[in-house]
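So that the names make sense, note that chain A is the first sequence line, chain B the second, and so on, each numbered from 1.
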Protein chains: 2
Amino acid sequence: MPRGLARDHDDKRAAIREGAAAYFAAHGFDRASMAGAAKACGVSKALLYHYHASKEALLFDILYAHLSGLVAVVDAVPEGQPEARLRGLIRAILMKYRYADAEHRLQLDALKALAPDQQAALRGHQRRLVGTLAETIDLLRPGLAEDRLQAATMSVFGMLNWFFLWHRPGKGIGREAYADLVADLVIGGLPGIAD
Amino acid sequence: MPRGLARDHDDKRAAIREGAAAYFAAHGFDRASMAGAAKACGVSKALLYHYHASKEALLFDILYAHLSGLVAVVDAVPEGQPEARLRGLIRAILMKYRYADAEHRLQLDALKALAPDQQAALRGHQRRLVGTLAETIDLLRPGLAEDRLQAATMSVFGMLNWFFLWHRPGKGIGREAYADLVADLVIGGLPGIAD
DNA sequence: AACACTCTTGACCGAGCGGTCGGATATGTA
DNA sequence: TACATATCCGACCGCTCGGTCAAGAGTGTT
């Protein structure tokens with residue numbers, strides 16, 4: 001029998017995934033080269049292709065791992081009063097990214113670089129996140145028409161996702177404080193929107 | 001004396017700018033090629049370089065014209081009661097893009113592709129937009145610390161800018177309705193956020 | 001008419017890209 | 001030990017990209 005995978009195979013694969021994610025996020029996926037990613041990871045370009053079939057496949061691995069983690073974190077938020085649950089969801093999403101800004105930026109930047117079926121797999125995860133938040137908003141502000149509920153939900157994701165594009169770590173408001181600000185804004189504002 | 005520029009020089013230059021903006025936005029600036037942009041505009045690639053010095057310069061022209069128009073629209077919103085003014089600002093921004101989604105998407109996608117000094121010129125316009133909105137929010141919810149005021153302002157831009165990434169024309173909520181929803185959410189929620 | 005310059009094009013170029021390959025070396029299995 | 005395969009690399013390949021160029025045709029100026 002031939003030898004199997006090395007014991008640290010998954011570790012090395014994950015290390016490349018994370019190193020490449022940071023490099024891709026810093027330079028933009030399209031502008032970033034596989035040669036540059038290899039140098040950033042401290043390995044040869046050929047080794048990247050030993051662990052990942054292509055540049056697109058590497059991107060998919062990065063985004064899939066990222067979104068899976070996010071879904072898991074959101075699923076772990078306890079049930080409870082709608083206000084507390086919304087606050088928990090918003091906090092969970094923002095906190096999850098404390099050490100994953102690179103992956104998050106990539107998601108905004110590079111999703112369209114993937115093949116349609118790969119996009120579909122990731123959008124499934126995204127839809128699940130949206131659905132979870134929409135359920136809670138529906139409890140907080142019952143009676144919204146479906147398109148209004150969708151719009152209100154997406155406006156929350158807009159606030160959260162936009163955060164990473166203007167916030168500079170160590171400057172301005174912190175993550176926890178911003179999470180509370182968004183939660184306060186939504187909880188206070190939802191009752192006032194039209195059906 | 002030699003002949004000067006053709007009478008329709010500026011028209012043709014603008015036509016290329018708008019055609020290229022749509023093409024760039026549809027494909028992503030980095031993935032879009034100048035050859036493709038030329039074909040989309042119905043001219044030769046060399047002609048693009050007759051009217052614009054480089055791919056980056058063309059992008060800068062697109063974004064500068066776009067942001068200038070946005071600043072003009074926002075400056076034209078009348079003074080008045082803070083609530084009405086905020087509503088007017090939000091409407092103005094969303095409505096301005098009814099026929100400029102391409103340019104708006106480009107702004108999110110490709111700003112980092114520009115040289116730092118070009119980015120600075122555009123960020124000056126962006127700062128002016130942010131400042132105008134922040135002034136009105138400061139009137140609606142006096143006493144916010146500076147970093148809270150910035151965060152609240154950026155959360156509004158988050159809702160507005162995110163709109164173009166999930167909204168599909170003809171499906172779901174309309175632009176006017178979404179503008180009102182955001183204004184209601186902000187006006188209702190601002191009093192409830194902490195100092 | 002003569003000129004200078006704009007307008008427009010297809011052909012072309014060097015650079016950098018994603019991806020491949022042959023081989024060197026390490027390591028688990030039999 | 002002998003073998004098969006994983007692991008790793010430098011060198012290489014074909015292609016597309018941004019950008020250039022030489023030249024033809026049109027046009028305002030003198």
(request) For residues A/I173 and A/H167, report the shortest heavy-atom separation together with the two atoms involved. (result) O-NE2, 2.7 Å

(request) Return the residues of residues 14-29 of chain B meeting this criterion: a heavy atom under 4.0 Å from some atom of DNA chain D. Order them by number, or give none. (result) none

(message) Quick check for you: to the nearest 0.5 Å, what is the distance between B/H104 atom NE2 and B/L67 atom CG?
(response) 9.5 Å

(request) Would you name the heavy atoms of B/L190 and B/L140 that are closest together and state the gap between them? (result) CD1-CB, 3.9 Å

(request) Round to the nearest Å and state the distance from B/R13 atom CZ to C/dC7 atom C1'. (result) 15 Å

(request) Provide, to the nearest angstrom, the distance between the CG atom belonging to B/D10 and the P atom belonging to C/dT6. (result) 14 Å

(request) Find the distance A/D30:CG to C/dG18:C1' and express it as a whole number of Å. (result) 13 Å

(request) Using atom OH of A/Y49 as one end and atom C1' of C/dG22 as the other, report the distance to the nearest whole Å. (result) 18 Å

(message) Strictly below 4.0 Å, N to O, side chains only: are B/D109 and A/K112 in salt-bridge contact?
(response) yes

Every protein N/O within reach of nucleotides 8-11 of chain C N/O, cut-off under 3.5 Å:
unit_1: C/dT8; atom_1: OP1; unit_2: B/K12; atom_2: NZ; d: 2.6
unit_1: C/dT8; atom_1: OP2; unit_2: B/Y51; atom_2: OH; d: 3.0
unit_1: C/dT9; atom_1: OP2; unit_2: B/S44; atom_2: N; d: 3.0
unit_1: C/dT9; atom_1: OP2; unit_2: B/S44; atom_2: OG; d: 3.0

(request) With sequence neighbours excluded, tell me which residues meet side-chain contact (heavy atoms from CB on, under 4.5 Å) with A/L139. (result) A/P82

(message) I need the full list of side-chain hydrogen bond (donor to acceptor under 3.5 Å, both in side chains) pairs touching residues 124-141 of chain A, with sequence neighbours left out, sorted by first then second residue.
(response) A/D75-A/R128, A/R85-A/T136, A/R141-A/D195

(message) From CG of A/L48 over to C1' of D/dG10, roughly how many Å is that when rounded to an integer?
(response) 15 Å

(message) With a 4.0 Å cutoff (strictly under), does any side-chain N or O of A/H9 reach OP1 or OP2 of D/dA6?
(response) no

(request) To the nearest Å, give me how far apart CG (B/D8) and P (D/dG28) are. (result) 10 Å

(request) Determine which pairs satisfy ring-ring contact (aromatic ring centres under 6.0 Å, His included) with at least one residue from residues 171-195 of chain B, sequence neighbours left out, and list them in order. (result) B/F163-B/Y178, B/W166-B/Y178

(request) Heavy atoms only: give me the nearest A/D30-A/A113 pair and the separation to one decimal. (result) OD1-CB, 4.4 Å

(message) Give me the atom names and distance for the closest heavy-atom approach of A/A92 to A/V73.
(response) CB-CG1, 3.6 Å

(message) Give the residues of residues 31-39 of chain A touching DNA chain D, defined as any heavy atom closer than 4.0 Å, sorted by residue number.
(response) none

(request) Compute the ring centroids of A/H66 and A/Y97, then answer whether they are less than 6.0 Å apart. (result) yes

(request) May I have the distance from B/D11 (atom CG) to C/dC7 (atom C1'), rounded to whole angstrom? (result) 15 Å

(message) Tell me whether A/Y64 at atom OH has more than 12 heavy atoms from other residues, nucleotides or ligands lying less than 6.0 Å away.
(response) no

